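Model, not experiment: these values are computed from the prediction. Order of listing sets the numbers, starting from 1, for every ligand and every atom in it. Keep in mind that the numbers below use all heavy atoms, side chains included, and drop hydrogens, waters and symmetry copies.
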Amino acid sequence: MIHENVLLLSLVLMAGVLFAFVYVFIHSTKLEQDYASIAKNSYSKRDKLFGFIIIAGVLIAIGTTRGLPYGPHNANAKQIDVIGKQWYWEISDTTATVNQPIIFNVGSADVNHGLGIYDKDLRLLTQVQAMPDYTNKLAYTFKEAGEYKLMCMEYCGLVHHSMISTFTVNDEG
Ligand SMILES: [Cu+2]
């Protein structure tokens, strides 16, 4: 259904471009004004447009690069190391507090694993790949107290299915 709508929209836009070309072609033979006045008028518009684009470009560049470096770099976050191993998770701390920002530093001691964090209904909340010789930083803040499950999301061998750990989130105070 969406493909048909996109196709229709594309055709309408293409028809618009075609009509613009045809219009310009038909009117190109008529010279209603002398060239010098048309050029003067157009160049003044062009100069204004260039000025606007330069100012907009600078503002957009400043606005979108203020958050650099991108990624989790919250100095107040709790750092938790999670290492995937065949076939269990080695977790430096399995507790956190509600609304406490956490950065999981995720790696692997052997093969690729996938760290998935699930709530009590086994809904996936967030996930990141666990790779050897590389630390992936996963930023997450739990909004509800309770028991969560850390499970492997990438088939990593015979006992992959038992890579399940429990993570506890406590109420504040
Ligand atoms: Cu696995």
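A donor-acceptor contact under 3.5 angstrom links the side chains of Gln79 and Asn105, judged on distance only. For the residue pair Asn99 / Thr97, no side-chain donor-acceptor distance below 3.5 Å is found, with atom types taken as modelled.
Contact record, Leu150 with Ile91: CD2-CD1, 3.6 Å, taken as the closest heavy-atom pair. Taking both residues in full, the closest heavy atoms of Asp119 and Tyr148 are given as CA-CD2, 3.7 Å, listed atom of the first, atom of the second, then distance.
By the criterion of a separation under 2.8 Å, the protein N/O/S atoms near the Cu ion (ligand 1) amount to Cys152 SG, Glu154 O, Cys156 SG, His160 ND1.
A centroid separation of less than 6.0 Å is found between the aromatic rings of Phe167 and Phe104.
Results of the ring-ring contact (aromatic ring centres under 6.0 Å, His included) test with Tyr155 over His161, His113, His160 single out His160 as the only residue that passes.
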